[in-house]
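Data first, discussion second: the structure below is written as structure tokens.
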Amino acid sequence: MSIDLILSERFGFRSFRQGQREIIEDVLDGNDVFAMLPTGSGKSICYQLPAYLLEGIVVVVSPLISLMEDQVEQLRRQGEKRVCTFHSGMPYHVRMKILRDLTRYKILYVSPETLQTDTLSGTLSRMKVALFVVDEAHCISQWGHEFRTDYLKLGEVCNRIGRPPILALTATATVNVRNDIIKLLNLDRPEMHIYSVDRPNIAFQSEIAETTNEKMDILIRYVQTLKGPGIIYTSSRMVTETITEALKRNGVEKTAYYHGGMENDDRLLTQKQFIYDELDVICCTNAFGMGINKPDIRFIIHYHFPSNIESYLQEIGRAGRDGEESLALMLYHEDDDFIPERLITAELPTKKDINHFSVMVDVDKPDRTLFEQSITSLNLSETAERFMHFHVEKFFREEERDFQTWKNQLVEFIEKRIKEKRERIRYMKKWILSEECKRESILGAFSEKLVTRPLNCCHVCGLSLEPYKSSKEKSPRPVIKSWEEELAIIFHQVNVDV
DNA sequence: CGTGGTTAGCTTAAGCTAACCACGGTGCGTTAAT
């Protein structure tokens, strides 16, 4: 069966979008593939379609449980029942049943953490795995080194389950991040499919405030005049709540906040309200956004800047998926520099911590239990603690281990990581403050040149804010949905209520 | 930097103020205690 036939019969599309055919052909040839496609361009087809042609199961590593659930649900709606996910939120007996029947499935969605467990990787190692997919592959580089170290072990796990061909998918990765992913996943001469990260319908605007109060005033003024829906990003949970209150006091009623400290149910509810247009504005930390496929987001405002330019691109990339004019507004005040600096140092142990550690353990007769206990008594941040556990595990896996060498390398590595992270913050700040074209310089960060400049480019090139303002007389937007879509929404909600 | 929580120290001893300090963001999984 040809891939065009499967595309129309299984997925209901007449033709491939940019990049999809080439990527699928390389995957079917059994090559390792690295693909960078802009958000919303149909990345999942690149492994879902080959699943019908390859012998064995396709294992997809995904960063969020909600993302995995969404994908499974969507495929089931399309009529494909041979897909599943496997995670801690599922009842024990359901998980066991899936394990028993795993050979019957075509696609399995799983987190990097669960994939490490012997129950799952053991079962997979005894069957044929056709393809190993890493979705949102930039997470390997962005989260793997400290926050979710299981991302660093994906290469190993892939070997354990028979080293099938690997497909790494992402929407944003600088050349450095690409190389990091290739190295950590152990990709073998991968076929590279890199497409432009430019989003011509997103215009850039920045405002530099003299004081924090002024920044808040500017924010409120913009939100009052801009056409929604929109997202406001900040770097602090508390600030999301402060901004929400301030906006409500100033006439922007349909506003809510969202951050990782909230109850799961509240997060889900707020997210749904935003997607179904019950909210105009959402004030959030970087917890919000991954997997949000709302097509008509009109503005993204940064009240604080993210700590690197890929995160920034990810965040603004959530606007204008429908192709309509959208605005990315950056608000800056010099006090903002403090937060990202604090965050990067808090996620790693200091040299002093490492010295403390080496005093506590017996250097000549290394004992695993004592090592682990000593980490706990260092009183590190959760992320720094995770980092230490990962490196201790690595130490005990070495046959000829030497504590001093390990320690020196660790300290060196920490210094290198902090230096890199500072450099990335510095680059982000340079972008904010530079007097050059915002679009050209952001493309430059991805080693790309601007080909055509859109009419509304950025405030440096000259920008009219008129297209982004809300019109006084609000005509109700016609909502045209196919009956399939309507049904899907109804079923979705039924599932949620039960 | 800004903020919120804690504590020392003052005082017609229970509640106030001021000084000080810690902290700021992303999620998976498992387990212990009811």
Side-chain angles (χ1 to χ4, degrees), chain A residues 61-69 85-92 95 109-121 134-136 138-154 157 172 209-216 232-243 245-246 257-264 267-268 271 283-292 302-308 310-312 314-315 332-348 379-387 389-390 421 424-425 428:
Chain A
V61 177
S62 171
L64 264 47
I65 291 175
S66 62
L67 231 55
M68 307 197 279
E69 300 271 10
T85 169
F86 187 92
H87 58 77
S88 65
M90 295 160 65
Y92 182 76
R95 272 186 284 171
Y109 286 92
V110 71
S111 73
E113 286 84 0
T114 303
L115 191 57
Q116 302 298 325
T117 61
D118 287 336
T119 26
L120 186 57
S121 63
V134 184
D135 201 12
E136 310 285 358
H138 57 277
C139 292
I140 295 173
S141 184
Q142 194 175 306
W143 285 353
H145 298 284
E146 296 93 11
F147 180 50
R148 288 175 73 179
T149 47
D150 283 314
Y151 259 107
L152 294 193
K153 302 185 201 157
L154 287 180
V157 167
T172 50
E210 297 293 324
T211 64
T212 319
N213 281 344
E214 191 197 11
K215 195 167 75 164
M216 185 64 91
I232 302 167
Y233 277 107
T234 93
S235 298
S236 143
R237 292 174 175 183
M238 211 189 60
V239 173
T240 63
E241 303 185 18
T242 327
I243 292 178
E245 283 164 31
Y257 58 85
Y258 182 104
H259 56 69
M262 294 161 58
E263 289 296 320
N264 244 331
R267 287 175 66 161
L268 211 67
Q271 190 175 312
C283 306
C284 54
T285 60
N286 56 352
F288 186 79
M290 221 192 279
I292 296 292
H302 279 84
Y303 186 82
H304 289 134
F305 62 92
S307 48
N308 61 71
E310 299 108 88
S311 300
Y312 179 67
Q314 284 269 348
E315 287 163 7
Y332 176 79
H333 177 246
E334 53 183 18
D335 286 355
D336 300 346
D337 297 1
F338 197 79
I339 300 177
E341 172 62 28
R342 279 307 294 262
L343 291 177
I344 60 166
T345 45
E347 65 184 355
L348 287 160
N379 274 327
L380 302 167
S381 73
E382 201 191 338
T383 310
E385 200 171 309
R386 183 75 45 87
F387 174 89
H389 282 296
F390 177 77
K421 283 162 184 268
R424 285 151 66 87
I425 295 176
M428 184 72 230

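In what follows, chains carry the letters A, B, and so on, assigned in the order in which the sequence lines appear, proteins first and then strands, with residues in each chain numbered from 1.
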> Which dot-bracket string fits DNA chain B when only Watson-Crick or G-U wobble pairs with both atom distances under 3.5 Å count, crossing pairs get [ ], and | stands for a partner on a different strand?
Replying inline: ((((((((((....))))))))))..........
Does [X] reach a base, just sugar-phosphate, or nothing at all? Heavy atoms under 4.0 Å.
X         : value
Thr383(A) : base
Arg386(A) : base
Glu347(A) : base
Pro340(A) : nothing

Euclidean distance, atom [atom1] of residue [X] to atom [atom2] of [N] [Å, nearest integer]:
X         : N       : atom1 : atom2 : answer
Met262(A) : dT26(B) : CE    : C1'   : 15 Å
Ile292(A) : dT26(B) : CD1   : P     : 14 Å
Leu120(A) : dC28(B) : CG    : C1'   : 14 Å
Phe390(A) : dG27(B) : CZ    : C1'   : 17 Å
Glu241(A) : dG4(B)  : CD    : C1'   : 13 Å
Glu382(A) : dT26(B) : CD    : P     : 12 Å

> Can you give one letter per nucleotide of nucleotides 29-34 of chain B, 5' to 3': B if a protein heavy atom sits under 4.0 Å from the base, S if only from the sugar-phosphate, - if neither?
Replying inline: S-----
> Looking at residues at least two apart in the chain, or sitting in another chain, which of them share a side-chain hydrogen bond (donor to acceptor under 3.5 Å, both in side chains) with Asp336(A)?
Replying inline: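 Checked Asp336(A) against side-chain hydrogen bond (donor to acceptor under 3.5 Å, both in side chains); matches are Lys215(A).
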> Once you round to the nearest 0.5 Å, how far does OG of Ser381(A) lie from CZ of Arg386(A)?
Replying inline: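 Here the rounded value is 10.0 Å.
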> CZ of Phe305(A) to CG of Asp337(A): how many Å apart, nearest 0.5 Å?
Replying inline: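 CG of Asp337(A) is found 4.5 Å from CZ of Phe305(A).
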> Between Glu310(A), Glu315(A), Gln314(A), which is the residue that forms a side-chain hydrogen bond (donor to acceptor under 3.5 Å, both in side chains) with Thr172(A)?
Replying inline: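 By the side-chain hydrogen bond (donor to acceptor under 3.5 Å, both in side chains) criterion, Thr172(A) pairs with just one of Glu310(A), Glu315(A), Gln314(A): Gln314(A).
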> Does the side chain of Ser307(A) come within less than 4.5 Å of Lys421(A)'s, by heavy atoms?
Replying inline: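 Side-chain contact under 4.5 Å: no.
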>> What I'd like to find out is whether the side chain of Leu115(A) reaches to under 4.5 Å of the side chain of Leu154(A), using heavy atoms alone.
In response: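 They are in side-chain contact.
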>> Contact list please: residues 138-151 of chain A against DNA chain B, heavy atoms, distance less than 4.0 Å, in numerical order.
In response: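 Hits under 4.0 Å, by residue number: Trp143(A), Phe147(A), Arg148(A).
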Report, one pair per line, the protein and nucleotides 1-3 of chain B atoms (nitrogen or oxygen only) whose separation is under 3.5 Å.
{"from": "dC1(B)", "atom 1": "O3'", "to": "Asp335(A)", "atom 2": "OD2", "distance (Å)": "2.8"}

> Considering only the P atoms, how many Å lie between dT11(B) and dA18(B), rounded to the nearest integer?
Replying inline: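 It works out to 14 Å between them.
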> When the ring planes of Phe147(A) and Trp143(A) are compared, do they come out parallel, tilted or perpendicular, using 30° and 60° as the limits?
Replying inline: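 Perpendicular: the ring planes of Phe147(A) and Trp143(A) meet at over 60°.
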> Would Tyr151(A) and Arg148(A) count as a side chain to side chain contact (heavy atoms under 4.5 Å, CB included) if you check the C-alpha gap in whole Å, the side-chain angles of each, and the deciding distance to 0.1 Å?
Replying inline: CA-CA 6 Å; Tyr151(A) 259 107; Arg148(A) 288 175 73 179; 4.1 Å; yes
> Do side-chain atoms of Thr117(A) reach the backbone of Glu113(A) as a donor and acceptor pair under 3.5 angstrom?
Replying inline: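 No; zero donor-acceptor contacts below 3.5 Å.
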> Looking at dT26(B), dG27(B), dG24(B), which one has an atom nearest to any side-chain atom of Leu343(A)?
Replying inline: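 Within the option list, the nearest is dG24(B).
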Counting only pairs under 3.5 Å, give me each side-chain donor-acceptor contact of residues 62-69 of chain A, with atom names and distances, residues two or more places apart or in other chains.
{"from": "Glu69(A)", "atom 1": "OE2", "to": "His87(A)", "atom 2": "NE2", "distance (Å)": "2.7"}

> Counting only heavy atoms not in Glu334(A), do more than 12 fall under 6.0 Å of its CD?
Replying inline: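 Result for CD/Glu334(A): open.
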